[in-house]
Amino acid sequence: QKEVEQNSGPLSVPEGAIASLNCTYSDRGSQSFFWYRQYSGKSPELIMFIYSNGDKEDGRFTAQLNKASQYVSLLIRDSQPSDSATYLCAVRPSGGYQKVTFGIGTKLQVIP
Amino acid sequence: GAVVSQHPSRVICKSGTSVKIECRSLDFQATTMFWYRQFPKKSLMLMATSNEGSKATYEQGVEKDKFLINHASLTLSTLTVTSAHPEDSSFYICSAWTSGRKSTDTQYFGPGTRLTVL
C-alpha cells in the first residue's frame, strides 16, 4: 500500500525563524509532489508542487525533493503567525494517474 | 491559479433528508473530479472519483447508494448525500486537476461544504 508519512506535530517555531516540514513516501515511482496549507475549517490551498530532484523556490517557500531517499520537504523562511496551519504533503503516482495519496499533515504553530 | 467552487458552503438538514452539493471548475474543464470527506482533526479521506460521462468510482467502504455522484458536464460534478444521518455530518471537499495528463498538472480544491445533520 502506498504511504505518505508526516509527523503530525505540532511543530512550534518562533516568528521569523525557518520552519522545516518533512514528508516521506513509499512509492518509488511517484511522479509529482504537492504541499497544501489548510487552515482550521477551510479546504486545502496549494502552496507548491515539485516533480524534479532539487529545490524549488517561491517567495518564502522552498520545496526540496530527493527521489533517491523518497523524501520531500517544505521550508518556510521568515515564518509568520499567519503561517500557522496544517501542511499536507500529497504524492501523485506515475503514469498520469490523478489519485494522490495524502499524508496526515503537520500542524505548524508560529509563536509571535 | 485555477478555481474550483462548491455550493452550498454550509448546510444544516434534518435526519432522513437528502442533500446535494455542487462542484464546479470555473476556468478549466475537468473530466475527472474527486470527492473527499474530512472529519475534525483528521486528514482528507477520498470518497470517490467522479468521471464525466460515466459512473463514479468509489473507494472501499463508501456506499454507492448513499453518496450519489453525477458528473454531467466537463465543469460540474454533484454529490448527493441520500437519507442523511448525523454520522454523515462532515466537511465535504471536491477537487479537480487542471489537465491530468502532465507531470506539471496541479490539483485544486473547492472551498468545501460543511454538512450538519440534526
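Chain letters run A, B, ... following the sequence lines, proteins first, then strands; residues in each count from 1.
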Under 4.5 Å to a heavy atom of chain B? For A:Ile50 that would be neither
Centroid-centroid distance, A:Phe49 to B:Trp97, less than 6.0 Å:
no
State the OG-CD distance between A:Ser32 and B:Gln107, to the nearest 0.5 angstrom.
10.0 Å
Quick check: is A:Phe102 connected to B:Val62 through a chain of hydrophobic side chains (ILVMFWY, heavy atoms under 4.5 Å apart)?
no
Is there a chain of hydrophobic side chains (I, L, V, M, F, W, Y, each step under 4.5 Å between heavy atoms) that links B:Tyr108 to B:Met33?
no
Take atom NZ of A:Lys56 as the centre, draw a 6.0 Å sphere, and report whether it contains more than 12 heavy atoms from other residues, nucleotides or ligands.
yes
Can you see which heavy atom on B:Phe109 is nearest to which on A:Pro44, and at what distance?
CB-O, 3.6 Å
Does B:Met47 belong to the same Ile/Leu/Val/Met/Phe/Trp/Tyr cluster as B:Val81, with side-chain heavy atoms less than 4.5 Å apart forming each link?
yes
Within a radius of less than 6.0 Å around NZ of A:Lys42, do more than 12 heavy atoms belonging to other residues, nucleotides or ligands occur?
no
Please check if A:Val91 and B:Leu44 belong to a single hydrophobic cluster, counting links between Ile, Leu, Val, Met, Phe, Trp and Tyr side chain heavy atoms closer than 4.5 Å.
no
Give a yes or no on whether A:Val110 and A:Trp35 share a hydrophobic cluster (residues Ile, Leu, Val, Met, Phe, Trp, Tyr; joining criterion: side-chain heavy atoms under 4.5 Å apart).
yes
Checking A:Ile104 against chain B: side chain, backbone, both or neither under 4.5 Å from a heavy atom?
both
Measure distances from A:Lys99 to the heavy atoms of chain B and classify the residue's part below 4.5 Å as side chain, backbone, both or neither.
both
Given heavy-atom pairs under 4.5 angstrom as the criterion, report whether the side chain, backbone, both or neither of B:Gln38 touches chain A.
side chain
Within this structure, what is the OG1-OH distance for the pair B:Thr106 and A:Tyr51, rounded to the nearest 0.5 Å?
11.5 Å
With a 4.5 angstrom heavy-atom cut-off, is it the side chain or the backbone of A:Glu45 that approaches chain B, or both, or neither?
neither
So does B:Gly110 get a backbone contact from the side chain of A:Ser43, meaning a donor-acceptor N/O pair under 3.5 Å?
yes
